[in-house]
Amino acid sequence: MTEYRTFRNADPPQVLKLWNDSQLGRGAARPQSVEAFESAVFAQHNFDRQGFIITADGDEIVGFVHAGFAPRSGTSQVDPSVGIICAIVVHPKFRRQGIGRELMSRAIAYLRERGAVRILAGESPGLDPFYFGLYGGCRPSGFLKTDPAAEPFLSALGFTSQEEHTVYQRDLRLTRDPISFRTMKLRRVTQLEFTDQPTDPTWWWFANHGMADSLQCLLTDRDQHRYATVTVVGLDHYVGTWEERAIGLLDIDVAQAYRGQGYGQTLVIEVVRKMKQEMITRAEMHVPATNTPAHRIATASGFQAVDTGVVYRLGE
């Protein structure tokens, strides 16, 4: 008999097994131990067991939905007015039985009861309280289009597309670094520097990047003048999905005075060159559909679009 209940401390091993057995597609990592879920989900200080709703068939967990909240700007608290459906998983043998719909109904009720006036399905940069390094690739960026069941399921529940993010990848084994006179010139007058964290990390940074294997990469000159920065994260949990070692490039930022002059492309190319030396074979980056300069940096640096993440919003 199917039972719906909230999270219990003994659940993580079965949650891990369900996740790895549920054919979630190229965007889902396949971690080998519950520690991955502990660090990215259950150990987060804003985790609420009431928002992690489970479907059990006897003693077997066959589905779950996880609802959370956006951060409140400038604080270490959440904003209960913005609710997020962070993940929903139903084992293939138990699909098309109404379980997913019932899980979503309970998750939405949970968010509404705690004050949510805007409900999103799919995490996105800055609105990603959980699953960093476990879903989406280098970061959660909505539900991926390579999961064909996501859009019709959410549409049937009244969700509509709110924003899209292009997923870019570059196979470092097969592609050469793009070369131009501009990037050759910039390489001669700049250098890469690495730090463990940003100058002023926020609590949200520690909750996401701080829990992952990450580096801050800076493009500077010999006088330490900073032109551009990017965060590099290791994607170790994706070895089982992609069968290769990969890294993600996040939050590329070019100083205002130097935008459109090739510094962003030079930074990405130099970081990728460095990662090749560490036997990394794939790099990924996500770009919001509205960020035209970042799309140019990605394509100019040899990346190709492989997927699209969509964030949905529940209709009023």
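For the pair Trp19 (side chain) and Ala29 (backbone), a donor-acceptor distance under 3.5 Å is present. Put simply, the side chain of Arg30 gets close to the backbone of Asn20: a donor and an acceptor are under 3.5 Å apart. A donor-acceptor pair is defined here as one N or O able to donate and one able to accept, closer than 3.5 Å; no such pair exists between the side chain of Glu270 and the backbone of Arg187. A donor-acceptor pair under 3.5 Å is formed between the side chain of Ser39 and the backbone N or O of Glu35. Not one N or O on the side chain of Arg296 forms a donor-acceptor pair closer than 3.5 Å with the backbone of Gly260. The backbone N or O of Ala28 sits less than 3.5 Å from a side-chain atom of Thr241, completing a donor-acceptor pair. In terms of modelled atom types and a separation under 3.5 Å, the side chain of Arg95 and the main chain of Val90 share a donor-acceptor contact. No donor-acceptor distance shorter than 3.5 angstrom exists from the side chain of Ser301 to the backbone of Ile269, with no hydrogens or angles considered.
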*So Ile119 and Arg112, side-chain contact (heavy atoms from CB on, under 4.5 Å) or not? Walk me through it.*
CA-CA 9 Å; Ile119 296 179; Arg112 295 280 194 215; 3.7 Å; yes
*Decide side-chain contact (heavy atoms from CB on, under 4.5 Å) for Val89 and Tyr135; before the verdict, give the C-alpha distance in whole Å, the side-chain angles of both, and the deciding distance to 0.1 Å.*
CA-CA 12 Å; Val89 179; Tyr135 184 79; over 6 Å; no
*Could you walk me through whether Thr55 and Leu103 pass side-chain contact (heavy atoms from CB on, under 4.5 Å), step by step?*
CA-CA 8 Å; Thr55 305; Leu103 285 169; 3.2 Å; yes
_Determine whether Phe69 and Asp79 satisfy the following criterion, side-chain contact (heavy atoms from CB on, under 4.5 Å), listing intermediate values before the conclusion._
CA-CA 6 Å; Phe69 295 94; Asp79 179 359; 6.0 Å; no
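In the hydrophobic clustering of ILVMFWY residues, with side-chain heavy atoms under 4.5 Å counting as a link, Leu218 and Val268 come out apart. Residues Leu16 and Leu24 share a single hydrophobic cluster, defined by chaining ILVMFWY side chains whose heavy atoms lie under 4.5 Å apart. A single hydrophobic cluster is seen to contain both Val287 and Leu267, as judged by linkage of ILVMFWY side chains at heavy-atom distances under 4.5 Å, directly or through other members. In this structure, Leu192 is a member of the same hydrophobic cluster as Val230, with clusters built from ILVMFWY side-chain heavy atoms closer than 4.5 Å. Both Val41 and Ile54 belong to a common hydrophobic cluster when Ile, Leu, Val, Met, Phe, Trp and Tyr are linked at side-chain heavy-atom distances under 4.5 angstrom.
Counting all heavy atoms, side chain and backbone alike, Cys217 lies closest to Val271 at CB-CG2, 3.9 Å. Between Ile247 and Gly234 the shortest heavy-atom distance is CG2-CA, 4.4 Å. Between Val233 and Cys138, the shortest heavy-atom distance links the atoms CG2-O, 4.1 Å. The two residues Phe143 and Gly122 have their closest heavy-atom pair at CE1-N, 3.3 Å. When all heavy atoms are compared, the tightest approach of Thr231 to Ser214 is CG2-CB, 4.3 Å.
Among pairs with a residue in residues 223-265, those fulfilling ring pair (Phe, Tyr, Trp, His ring centres under 6.0 Å) read His225-Tyr227, His225-Tyr258, Tyr227-Tyr258, Tyr227-Tyr263, Tyr238-Trp242, Tyr258-Tyr263, at least two apart in sequence or across chains. Screening residues 257-267 for salt bridge (charged side-chain N to carboxylate O under 4.0 Å, His left out), with sequence neighbours left out, gives Asp253-Arg259. The ring pair (Phe, Tyr, Trp, His ring centres under 6.0 Å) analysis of residues 270-297, with sequence neighbours excluded, yields the pairs Tyr168-His295.
Among Arg26, Lys145, Gln169, the single residue meeting the side chain to side chain donor-acceptor pair (under 3.5 Å) criterion with Asp307 is Arg26.
Side-chain contact between Ile85 and Leu111 is present, with at least one heavy-atom pair separated by less than 4.5 Å. Side chains of Thr183 and Pro178 form no contact here, defined as non-hydrogen atoms less than 4.5 Å apart. The closest side-chain heavy-atom distance from Gln216 to Glu193 is not below 4.5 Å. The shortest side-chain heavy-atom distance between Thr2 and Phe94 does not fall under the 4.5 Å cut-off. Side-chain contact between Thr229 and Leu219 is absent, with no heavy atoms from C-beta onward closer than 4.5 Å. Put simply, the side chain of Ser141 does not reach to within 4.5 Å of the side chain of Val310, judged on heavy atoms. Here the side chains of Pro92 and Ser22 are in contact, with some heavy-atom distance below 4.5 Å. Looking only at side-chain heavy atoms (C-beta outward), Leu215 and Asp196 come within less than 4.5 Å of each other.
Atom CD of Glu243 has 12 or fewer neighbouring heavy atoms from other residues, nucleotides or ligands inside a 6.0 Å radius.
Every residue two or more places apart in sequence or in another chain was checked for a ring-ring contact (aromatic ring centres under 6.0 Å, His included) with Tyr312, and none qualifies.
Ring-centre distance between His66 and Tyr110: not below the 6.0 Å cut-off.
Between the CD1 atom in Ile88 and the CD1 atom in Ile99 there is a gap of 10.0 Å [rounded to 0.5 Å]. Rounding to the nearest 0.5 Å gives a distance of 8.5 Å between CG of Asp221 and OG1 of Thr190. Between Thr220 atom OG1 and Arg226 atom CZ the span is 8.5 Å, to the nearest 0.5 Å. Separation of atoms CD1 (Ile280) and CE (Met275) is listed at 7.0 Å; rounding is to 0.5 Å. Annotation: the span from Thr299 atom OG1 to Gln304 atom CD amounts to 10.5 Å, rounded to 0.5 Å. The line from CG of Leu250 to CE of Met285 is 9.0 Å long, rounded to the nearest 0.5 Å.
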I'd like a table of donor-acceptor pairs (distance under 3.5 Å, sequence neighbours excluded) in which one partner is a side-chain atom from residues 152-166, with atom names and distances.
residue, atom, partner, partner atom, Å
Ser155, OG, Glu151, O, 2.9
Glu163, OE2, His165, NE2, 2.6

Taking distance alone, no hydrogens or angles, what donor-acceptor pairs closer than 3.5 Å link side-chain atoms of residues 7-15 to residues at least two apart or in another chain?
residue, atom, partner, partner atom, Å
Asn9, OD1, Arg49, NH2, 3.0
Asp11, OD1, Arg5, NH2, 2.9
Asp11, OD2, Arg5, NH1, 2.9
Asp11, OD2, Arg8, N, 2.7
Gln14, OE1, Ile61, N, 2.8
Gln14, NE2, Asp59, O, 2.8

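Between Glu102 and Arg106 there is a salt bridge, since a side-chain N of the basic residue sits under 4.0 Å from a carboxylate O of the acidic one.
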